[in-house]
Each structure stands twice: as C-alpha cells, then as structure tokens.
Protein chains: 2
Amino acid sequence: MESPLPAASRRLAATAAAPLPDLPAGSRRVILETALHLFAERGYSGTSIRDIAKACNLQGPTIYSHYPSKEHVLAELVRIAHDEHLRRVRTALLDCQPDPREQVAAYVRAHVRFHTDFAMLAVVGNTELHMLSPDLGDPIFQVRKQSEQTLMEIAQRGIDRGVFHVPHAWLAVAAIGGMGLRVAFWFSADAGIPAKTVADSYADFALRILGAARNS
Amino acid sequence: MESPLPAASRRLAATAAAPLPDLPAGSRRVILETALHLFAERGYSGTSIRDIAKACNLQGPTIYSHYPSKEHVLAELVRIAHDEHLRRVRTALLDCQPDPREQVAAYVRAHVRFHTDFAMLAVVGNTELHMLSPDLGDPIFQVRKQSEQTLMEIAQRGIDRGVFHVPHAWLAVAAIGGMGLRVAFWFSADAGIPAKTVADSYADFALRILGAARNS
DNA sequence: GTCTATATGAAGATAGAC
DNA sequence: GTCTATCTTCATATAGAC
C-alpha cells in the first residue's frame, strides 16, 4: 500500500525534466528550462522575473534581452507543451491499424507518456494556460482542441461500429483525458512504476471505460 | 460532438459556488466566499488581499480584522474542501452494503458529486494546497491521505476477494481519483450534463477500470 | 549579452483614529 | 468593525553604460 506520491508539500513529484523538444538555443534555452522548473513548482504568478534570473545566475533585467515579458516566457512553454502533445498523439495514430481499439490504446499511451516524460511541461501547460492573455493563449487553445477532438472522433467511430459500448461518449472521453492529465502530478522517473507500465495500464483502463477491454 | 467545456480562457466552468459547508458567519463568510471565487479563477498568488477586499466592498486592511494573513484565508478554504470531501465519502460508505463493488460505486459517486457541487472549492483545494506552509498544510494533507487510503483499501479488499481484476491496484485507484478530480474544471450546473449523470457514469467507469463492471 | 541604476506601481502587513 | 495613513518589500519593466 506504499504510494508513489510526491512529498507532501510539493506540487508535483518530478524533479528533472526531459530535454525540452522544439527548443531554442543558448540563453533562451537556459531561461526557458529554469522558468519551467519554477512555474511547475510555484506557479506562474508565484514566480517573479527576478526568481528566474537568479536561478540562471543572471540579473533580472537580462531576461528582457531574450523575452519581451514574463508572459511570453510562459507562452512559449505552454505552446511547446501543446505542440509536443499533439505531435505525439498524431504520430502514434499514424502507426496504427484502423481498429478503434488500437487507436484508443495508441492515443492513451502517447497521452500518458507525454505526461510521464514531460511532467513539468504538462503541469505548466495544464495549470497555467488560462493565465495567458487571449492574444497569446488563443492559438494554444486551438491546438488543445485538436488533441481533444481526435480522441472524441476515435471514440465516436468505435461506438458507431459497435466496438465500444458506453452510454455517454463525451463523459468517457473526459474521464480518459482527465486520468491521464493527473499522471503528471504524481509520476516520478526514479520512484516505483515505469512509465511504460503506466501507459499500458491506462490504455487498458481507457478500453475498459469504453466497454471494449481486450482482457474481458 | 458539442463539448460542455468552459470558455477558452477560464480556468473552470463553474460560476456559482454551492453554499459552503462548515461555514463561519458574518464578514468572515463574505470574505471566504469572495476569496473562493478569486482564488479559483486567478489562483492564490494571482489574487491580492486588496482584490479580495475590493470585491467585498471593503478596504484592504479590514481583512486583517478577520484573518491574520492571506494564507490563513486559503488554509480555511482548503481545510473546508478536504473535510467536506472526506465527510461525504465516509457518509456514503456508511449507507453501503459490504460488497466492494457497491462501496466503490458509492465512493466514486460521492467523490464526483463533491467535485460537481463544490467545483470552486475543489479546484482551490486541489491546485493551491501546496502553497500552504507546512504549519497550515500538513494537517490538511493528513485528511487527504485518509480519503485516498479509503479507496485504496476498498480496491484491495475487492481484489483479495476476487471481485476486482486489475494488475496494478494503485494505478487503478490513481486513475479513478484523477478522472474525478478533473470534473471540477469542466462541470457547470447550467450547461448540459446533470451532476447525477456524471456521478453515476464515473462510478460505472471506476468499476470497469477495476474489472468488475456490472454491465459487462 | 549582460550589467547597474532607476521608474513606477503593487504587494503583504501594521498602527491607530473613529 | 471599518477606516485612512503608512511601512517595507517586491513586482514588472525601461534606460543606457560596458
């Protein structure tokens, strides 16, 4: 009954971030990676430009040589998060047989692996997206919508073909998405459960939720 | 394929909070309910004492006649959230047959109804708990742990009796908890799906995850 | 690219009058 | 219980030197 949860007072369990995908070079990169750690742990509003600079061994105003505002730093992180999530989901589906069961399993494995492999990015992307002004946030909401719609379409297609059996498709999709999102908060690479185990298990859970479990 | 999600830039869909349980009277109550709305939408760090006061038609320092600090306001909200969650889960189990399937269904219905009926309280309780100093946060983490352990014990008991069939009990419990948590962000009393439908559906999803679906 | 100096405002919190 | 006045620190951001 030992639980692999983060230490009580921490917001998430992960301590190291996987190398960011789609990353700028040089100082921008250092700033971005440092901001990621701070935003993940203390939140966007709870982190100051000076905090980020200090953790980079820079003076506060130096940040402004690389980003026009703190909001732009957040926006780039949140954009990278959503782009990478969508990219992984789409790639997974390209490798897939046209069977909705395979597609759901592939989607959920990719979804969960994103949340294990980029836990900090996922936490920031999900908890701070709404802090962005419409100007910076709206394009990212569009990306998010595409990821969500993709799963909804797979589910609906499976229901139409009689492969899935669930009274309310949207609720099933919301549940599957939600359980995956939460992984970013408790998953830790060092502690306990391998990412692949989580991904495979959640893929199985998703199929069970949709009434199409391979093992039943 | 219409989705009942919150307007793009909002953090959660709920606009009104159910009357808070376990509530103080008078000005403390007004302050608490106002802070709840602001913390839910903008976060604890994104809300100032002056914001709260202004929304109460008070001057900033007046808050300090009722609470010693902003952190104490948050602490009371987070405590109420966790106490009410635990109380509901426990009450639901008292009305229950000793069958693990019934117990899981009762737990999840109570869990989900907490997140629909007190969406703002749930959002603040879950996203801002880690902002509290150990002094104020630790007792609340204890309450949280009790809720989590309760579901884990039910699941383990069902597995031991051969009623549930799932390779990794802890992952199943994490998935069930996580999908319920997420409900607080998208649920809206006015829009679309009744709370009872969500609760019943998620109870069914939980049983499916545990390999004990009543409908399969 | 990074620094120091600085402008301007807002933060949490206290003192003390009414 | 609520107010005004205020303290101190910190916030984002800019200007301009090196």
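Remember, predicted model here, so these are calculated numbers, not experimental data. Numbers restart at 1 for each chain; the letters A, B, ... are given by sequence-line order, proteins then strands.
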Per-nucleotide protein contact along nucleotides 1-13 of chain C, 5' to 3', at a 4.0 Å heavy-atom cut-off (B base, S sugar-phosphate only, - neither), is SBBBB-----BBB

Evaluation steps, side-chain contact (heavy atoms from CB on, under 4.5 Å), between S48(A) and D51(A): CA-CA 5 Å; S48(A) 73; D51(A) 291 336; 3.2 Å; yes

For F185(B), is the NZ or CZ atom of R182(B) found under 6.0 angstrom from the centre of its six-membered ring and inside 45 degrees of the ring axis? yes

Against the six-membered ring of Y67(B), is R28(B) placed for a cation-pi contact (under 6.0 Å from the centre, within 45° of the normal)? yes

How are the rings of F205(B) and Y202(B) set relative to one another: parallel (under 30°), tilted (30 to 60°) or perpendicular (over 60°)? tilted

If you apply the rule side-chain contact (heavy atoms from CB on, under 4.5 Å), what do you find for K196(B) with R113(B), and how did you get there? CA-CA 7 Å; K196(B) 185 179 186 320; R113(B) 281 310 293 262; 4.1 Å; yes

Please report, rounded to the nearest Å, how far the P atom of dC10(D) is from the CD1 atom of I52(A). 17 Å

